[in-house]
Amino acid sequence: MRVRRLHLTDFRSWREVQLEAHSGANLLLGPNGSGKSNLLEALHVCALGFSPRSRSERDLVRWGADRFVTRLQASRGETPLELAASCDLAGRKETRVDGTPGRLFSRLVGHLSVVGLYPEDLQYVRGGPELRRSYLDALSCQLDPNLVEPLREYARVVKQRNACLKEGDQRDGQMLEVLDQQMIEKAIPLLEARMDLVERLVEPVARLHGSLSGETESVDLFYRGSYGSEDLPRRGQALRDRLEARGRALRNAESSAQSTLFGPHRDELTILLAGRPARETASQGQTRTLAIALRLASAELLALHPERPPVLLLDDVFAELDGPRRERLAKLLPRGGQSFLCSPHRADLPFEVDRTFLLEAGAIRETR
Ligand SMILES: Nc1ncnc2c1ncn2[C@@H]1O[C@H](COP(=O)(O)OP(=O)(O)OP(=O)(O)O)[C@@H](O)[C@H]1O
Ligand SMILES: [Mg+2]
């Protein structure tokens, strides 16, 4: 699978631009602020249906314009694939998957595998639990696009349940029971997917972290549920029973808090480095190495799917690493696939690329 062409209109700093990509390593070279990360962001939006650095699609509209369009042409073997997304300042969205129109950006996921390594990834280790939840959910959806719908549904039911708890009215007792059941129904596939994914990630994250850092400190990942101190059952009826029991136990607390206090939206992925929570104790360098290991592990899992070797988006990842880590990362990057790298300096890259694009004054110039 490879990206052939990316076309942007009024996306971030780009008025109108087109890039014809090589099937190997593509370098986007240009000074700070020249729009390199914006190009990677557009690719990410087309492939995954969300921006890695902005919550609202409206932020992606070029200042002064009223609507962005990003269109990506790719191929899966001989079969062409086209993914397009647009949004205007009023938040009206449109998507196209091989010409078929739709509204939800989430329908873009599952056609083109992409893994991005971004400077902001440090937050996956350092930031709040919602970031690690979204790391797990985004990867789960890429691995199995059937999870996109339950995720949306779950968020909708929690919102409704919170509104019901806020009203705090006795007449809503029955309504709350119905919403409890709906919420648990939607939560189960999400929890199963997250717990399975964490189990699959433990080994590659630990191995890749070791290979990158050259250190022997242990790395471990745990899924911590918001369901009491005992381990969460992995499947089926036992999992359902636990969720129901938790709902009963928290009834009063939820009424006072006027919000849903258990469920996948309250859970946590804990990352332990040398037995301690990395969020609190990892140094800057260790945090960076862990974040890269999480991303490279995602790429490994996606690459297991023979039709979906991921396209790599590497946003200036080498600049912050010392010499030996740079070399080690270069060796660990999956070979043979397509990648887009950006950097202000060619010298930061520890390997040769297949095509270089110079970004200057709002335009892209290709050099070979
Ligand atoms: N909605 C927008 N409309 C117009 N310009 C924007 C918008 N959002 C961001 N920008 C601008 O885009 C410019 C380029 O951003 P980008 O992050 O792509 O640069 P970069 O080449 O990756 O730089 P660096 O090397 O510093 O990472 C920034 O100067 C920013 O102000
Ligand atoms: Mg950048």
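Atoms within each ligand, like the ligands themselves, are counted from 1 in listed order. No hydrogens, no waters, no symmetry mates; every other heavy atom, side chains included, goes into these values.
For ligand 1, the 4.0 Å heavy-atom shell takes in Arg12, Ser13, Pro31, Asn32, Gly33, Ser34, Gly35, Lys36, Ser37, Asn38, Arg53, Asp59, Val61, Arg62, Trp63, ordered by chain and residue number.
Aromatic pair Phe351/Phe318: centroids less than 6.0 angstrom apart.
Here the shortest heavy-atom pairing between Leu81 and Asp98 reads CA-OD1, 3.3 Å.
For the Mg ion (ligand 2), the N/O/S atoms of Asn32 include none lying under 2.8 Å.
Using a 4.0 Å cut-off between a side-chain N of Lys or Arg and a carboxylate O of Asp or Glu, Asp267 and Arg133 do not qualify as a salt bridge. With respect to Lys36 and Asp315, no salt bridge is recorded, no charged nitrogen being found less than 4.0 Å from a carboxylate O.
Side-chain contact, Ser51 with Glu41: a donor N or O sits under 3.5 Å from an acceptor N or O. In this model, no donor atom of one side chain and acceptor atom of the other lie less than 3.5 Å apart for Ser37 and Tyr118.
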